[in-house]
Amino acid sequence: MDRIRIVGGRPLNGTIPISGAKNATLPLMIASLLTEETLVLDNVPRLADVGQLQRILGNHGVDVMVSGKRPGERELDGQTLKLSAARIVDTTAPYELVSKMRASFWVIGPLVARTGEARVSMPGGCAIGTRPVDLLIMALERLGAQIDIDAGYVIARARKGLKGGEIAFPKVTVGGTHTALMAAALADGTSVIDNAAREPEVVDLADCLNKMGAKISGAGTPRIVVDGVPRLSGARHSVLPDRIETGTYAMAVAMAGGDVLLEGARPELLQAALDLIGGAGLNVSATNAGIRVSRNGAGLAPVEVATAPFPGFPTDLQAQLMALMCCARGTSRITETIFENRFMHVQELARLGARIHLDGETATIEGVERLRGAPVMATDLRASVSLVIAALAAEGETMVNRVYHLDRGFERLEDKLGRCGAEIARISG
Ligand code: EPZ
């Protein structure tokens, strides 16, 4: 298993190209199931999760062609995927595949909308919490699907097609909103989604569906209206930049010091996070080319923040912020309100010398003068990258084990940081 070795203490200077967003790419790929024509996606990041979803979609009959490995400078560009679901050959998503990636459960919406039937394994729990799918099922029921649960599978049927309906989510859910959007796009009649997720990835999916011929309005607000259409066509769509990757590298610069252009990043996708770290002491400025972040080595101020659905501070940046606050001058408080168990990084940060006290959903972080390198390991993607951030400022060597978590969501992480002066290398095997 690969590991990443980091020796801390080097500032970051240069340019980091921001990749297409993982969490937009996954639902966009799944949307290809809605049409027999070809969906072309540009700016797709090269990530393990994208490869895994290609295999899952292949099982349903989607042909995927990949291009975009261009030589020279363009090697940093995203790839282009051409997805063609001319014929759905299998409406079952088996446990062996769904258990590897939770987002693959979302195939249930397009499959039942297009074929009248879907049989999808329940995704089960994962490292950051129980993560149920009851709200996704509720959304499909509101659109007229008949739901049965049998032997760990959710079976959705709508022999005569889905019907427009009212879906009021009691809690904001990104996956629930994606599922409702994709299913309602092909339903007969108008659907209204209330308390919809406003995340930029939801807006990106709605934009792409509209290019495919869907009639969706209000994406990005809490009330989305979908006028169902009988069929959708192919389209071409470029994936929006990854706001979590952007925020992660901004925090890396805040931690290590230096001056970096986050190329292609868009500030409006993570304003809450930029305001917060800006207030803590990072210089942040928007330019035509992206977002420029710099820190001159002065101390960082502590923060108090709670994670929240967009436009609030994202749960997917909570671990990275905690790593940063380990070296702030004073005591920070970070409350996790989205997932009940998303603190796997706390005990690993402690191995580097962090002083963090957990009380329910709130972590209190007492800033320390210096972290010290150590072998560490994390059990989810964002927790793993928080250890990389801490290691960039830690004295001596940190070895981050189980790198496959990072490969799920960060494209060429060691390369991007290495080009800016970090002492970082992947050790194979
Ligand atoms: C998406 O997960 C993201 N994943 C997550 O990113 C992200 O942390 C999360 O949204 C919140 O922003 C992808 O986009 C692939 P939710 P999702 O449904 O859709 C509860 C990462 O690191 N809930 O918005 O699964 C749920 O338990 C990943 O890239 C129900 O109770 O999250 C949670 O408390 C991790 N019932 C809350 O809603 C349901 O049926 C929000 O979850 C569904 C969700």
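One-based numbering, in listed order, for ligands and for the atoms of each.
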Please work out, at 4.0 Å between heavy atoms, whether the side chain, the backbone, both, or neither of [X] comes within that distance of ligand 1.
| X | value |
| --- | --- |
| Lys171 | side chain |
| Ile338 | both |
| Arg342 | side chain |
| Leu136 | both |
| Leu135 | both |

Pairing of [X] and [Y] as salt bridge, 4.0 angstrom limit:
| X | Y | result |
| --- | --- | --- |
| Asp415 | Arg419 | yes |
| Arg243 | Glu201 | yes |
| Asp407 | Arg426 | yes |
| Asp316 | Arg342 | yes |
| Asp188 | Lys160 | no |
| Lys22 | Asp242 | no |

Contact check, [X] vs ligand 1, heavy-atom distance below 4.0 Å:
| X | value |
| --- | --- |
| Arg102 | yes |
| Val172 | yes |
| Gly176 | no |
| Lys22 | yes |

Next on the checklist: So for atom OH, which belongs to Tyr95, do other residues, nucleotides or ligands contribute more than 12 heavy atoms lying within a distance under 6.0 Å?
Outcome noted: no
[atom]: which of [options] has the nearest heavy atom?
| atom | options | value |
| --- | --- | --- |
| atom 19 (O) of ligand 1 | Gly175, Pro314, Ala319 | Gly175 |
| atom 16 (P) of ligand 1 | Asp49, Val174, Asp380 | Val174 |
| atom 43 (C) of ligand 1 | Ala197, Gly409, Pro132 | Pro132 |

Checklist entry - Looking at Trp106, which atoms of ligand 1 are within less than 4.0 Å of one of its heavy atoms? => result 13 (C), 14 (O), 15 (C), 19 (O)
Checklist entry - Is the shortest N/O to N/O distance between Thr315 and ligand 1 below 3.5 Å? => result no
Next on the checklist: Tell me whether Asn23 has any N or O atom under 3.5 angstrom from an N or O of ligand 1.
Outcome noted: yes
Item to check | Leu209 versus Leu232, closest heavy-atom pair with distance | outcome: O-CD2, 4.4 Å
Item to check | Matching residue for Ile137 among Thr179, Ile108, Ile149 - test: side chain to side chain contact (heavy atoms under 4.5 Å, CB included) | outcome: Ile149
Item to check | Pairing residues for Arg55 by the salt bridge (Lys or Arg N to Asp or Glu O under 4.0 Å) criterion, not counting sequence neighbours | outcome: none
